[in-house]
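See below for the structure under consideration.
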Amino acid sequence: SALSISTNRVGIGTVAPSGILDVQGDSATIGFGTSSSSAFGQTYFASGVAINFSYGDNSNTGGWINYRGYQNGATQFRDLTIGDGKGNDVAFFDGSSGYVGIGTDSPGEKLEIAEDAGQGTSPPTLRITNTKTDYSNTATLNVPHGVIEFYIEEASGTYTPGVTASIKAMNESNYGVNKGLGFFTYDDSVEGGEERLRIDSTGNVGIGTAAPNYTLQVHTASSGGSWLQITDTDTGTTSGDGFLIGVNGDEAASLYNAEATDMIFSTSATARMTIDSSGNVGIGDTSPDAHLKVEDTSIDTTGSYTGIGNI
């Protein structure tokens with residue numbers, strides 16, 4: 001039977017409709033509107049009505065909302081727009097690029113969120129919510145409460161598909177209120193990755209440590225010293241270039257200039273001491289021509305001295 005009406009139910013392709021309208025077939029198609037005019041079809045649902053796929057199957061199954069183009073997608077794509085009921089776009093799916101726009105019908109990336117917020121307090125926002133509400137005083141410290149992961153599927157050679165980097169909101173208090181931001185990178189030797197940088201809940205930044213004590217703390221988990229290197233285009237970028245601040249392998253505090261240039265120590269925007277590239281030291285003199293040159297109107301050591309002195 002092509003059409004069956006039974007007990008206020010209509011079946012197309014079935015004599016035992018399971019709902020008000022039940023359409024069955026190996027390739028069932030329901031069309032609305034026409035292809036030769038601007039007319040379009042509409043399907044109305046009452047408030048609270050859901051679209052269910054394989055509703056009667058007690059199994060992990062699903063369905064497909066598809067927007068195939070002309071001749072089953074052989075030549076032309078179709079876009080799909082979800083509206084808010086008042087003529088405004090909520091979400092847009094670009095059939096040709098596969099991009100998704102929220103608040104825009106011209107997304108420029110796989111996902112773009114747009115909002116005409118001006119300079120107000122409601123800019124376009126992507127939120128990740130952890131719905132747990134009963135941490136009490138037992139929340140575990142330094143575990144993530146929200147994660148953004150970067151995943152690759154490379155499987156050639158010795159590589160295996162997996163997460164290559166992640167940004168995690170890390171818990172820093174017993175009640176789960178204070179959160180830091182942890183930046184992780186991964187390699188094949190470290191399961192789960194390693195935290196490389198932490199911005200804690202007070203704004204302190206730790207490189208190599210999850211508990212920075214000051215505005216910036218650099219920590220190396222070894223006894224071979226720890227260094228902060230500063231370079232530019234002129235110095236080069238190798239490990240033997242630029243200016244380094246740190247502690248060496250003997251734990252001695254060190255200032256290390258790898259370049260054949262001066263080291264200048266200043267206060268109040270004025271150079272007070274200069275060590276030139278040959279090792280000469282000038283106090284009050286930026287071009288010392290002796291191992292130590294002191295230039296000032298008065299020097300008080302055990303007595304007093306006025307003038308310029310070289311050693």
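Atom set for the values below is all heavy atoms of this structure, side chains included, hydrogens, waters and symmetry mates excluded.
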Taking side-chain hydrogen bond (donor to acceptor under 3.5 Å, both in side chains) as the definition, give me every residue that meets it alongside [X], ordered by chain and number, with sequence neighbours left out.
| X | value |
| --- | --- |
| Asn8 | none |
| Thr81 | none |
| Glu195 | Arg198 |
| Asp22 | Ser18, Gln24 |

Taking the side chain as every heavy atom from C-beta outward, state whether [X] and [Y] have any pair of such atoms under 4.5 Å apart.
| X | Y | answer |
| --- | --- | --- |
| Ile148 | Ser166 | no |
| Asp105 | Asp79 | no |
| Asn280 | Thr274 | no |
| Phe184 | Lys168 | yes |
| Asn174 | Leu141 | yes |
| Ile20 | Arg9 | no |
| Asp94 | Val100 | no |
| Phe243 | Met263 | yes |

For [X], side-chain contact (heavy atoms from CB on, under 4.5 Å) partners two or more places apart:
| X | result |
| --- | --- |
| Thr125 | Pro123 |
| Ala169 | none |
| Asp234 | Asp232 |
| Ala165 | Phe150 |

Does [X] [atom1] have over 12 foreign heavy atoms under 6.0 Å away?
| X | atom1 | value |
| --- | --- | --- |
| Phe265 | CZ | yes |
| Ile128 | CD1 | yes |
| Tyr151 | OH | yes |
| Asp116 | CG | no |

Do Asp241 and Thr237 have a side chain donor and acceptor closer than 3.5 Å?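 Checked: Asp241/Thr237 side chains show no N/O donor-acceptor pair below 3.5 Å.
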
Which atom pairs, donor and acceptor, lie under 3.5 Å between side-chain atoms of residues 244-253 and protein residues at least two apart or in another chain?
unit_1: Asn248; atom_1: OD1; unit_2: Asp250; atom_2: N; d: 2.8
unit_1: Asn248; atom_1: OD1; unit_2: Glu251; atom_2: N; d: 3.1
unit_1: Asn248; atom_1: OD1; unit_2: Ala252; atom_2: N; d: 2.9

[X] side chain to [Y] main-chain N or O, any donor-acceptor pair under 3.5 Å?
| X | Y | result |
| --- | --- | --- |
| Thr209 | Ala211 | yes |
| Thr104 | Ser106 | yes |
| Glu112 | Ile102 | no |
| Ser173 | Val177 | yes |
| Ser268 | Thr270 | no |

Calculate, to the nearest 0.5 Å, the distance between atoms [atom1] and [atom2] belonging to [X] and [Y] respectively.
| X | Y | atom1 | atom2 | value |
| --- | --- | --- | --- | --- |
| Ile199 | Asn204 | CD1 | CG | 10.5 Å |
| Arg127 | Ile113 | CZ | CD1 | 12.0 Å |
| Met170 | Asn178 | CE | CG | 14.0 Å |
| Ile82 | Asp89 | CD1 | CG | 10.0 Å |
| Leu292 | Ile283 | CG | CD1 | 5.5 Å |

Report the C-alpha distance between Ser201 and Lys179 in whole Å, list the side-chain angles of each, state the deciding distance to 0.1 Å, and finish with yes or no for side chain to side chain contact (heavy atoms under 4.5 Å, CB included). CA-CA 5 Å; Ser201 57; Lys179 297 290 190 298; 5.9 Å; no

Which atoms form the tightest heavy-atom contact between [X] and [Y], and what is the distance?
| X | Y | answer |
| --- | --- | --- |
| Pro124 | Ala114 | CG-C, 4.1 Å |
| Pro17 | Ser4 | CD-OG, 4.4 Å |
| His145 | Asn130 | O-ND2, 3.0 Å |

Contact list for residues 259-287, test salt bridge (charged side-chain N to carboxylate O under 4.0 Å, His left out), sequence neighbours left out: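 Passing the test, one end in residues 259-287: Asp285-Lys293.
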
Group every Ile, Leu, Val, Met, Phe, Trp and Tyr by side-chain heavy-atom contacts under 4.5 Å, then state whether [X] and [Y] land in the same group.
| X | Y | value |
| --- | --- | --- |
| Tyr175 | Val143 | no |
| Leu181 | Val147 | no |
| Ile275 | Leu255 | yes |

For Lys132, give me all partners under salt bridge (Lys or Arg N to Asp or Glu O under 4.0 Å), at least two apart in sequence or on another chain.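 Salt bridge (Lys or Arg N to Asp or Glu O under 4.0 Å) check on Lys132 returns Asp134.
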
Any side chain to side chain donor-acceptor pair (under 3.5 Å) involving residues 215-226? Give me the pairs, sequence neighbours left out, ordered by first then second residue.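 Qualifying pairs, neighbours excluded: Asn213-Gln217, Thr220-Ser226.
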
Criterion side chain to side chain contact (heavy atoms under 4.5 Å, CB included) on Tyr99 and Lys110, from CA distance to verdict: CA-CA 4 Å; Tyr99 291 176; Lys110 283 294 184 181; 3.9 Å; yes

So Ile12 and Leu21, side chain to side chain contact (heavy atoms under 4.5 Å, CB included) or not? Walk me through it. CA-CA 8 Å; Ile12 300 176; Leu21 175 63; 4.3 Å; yes

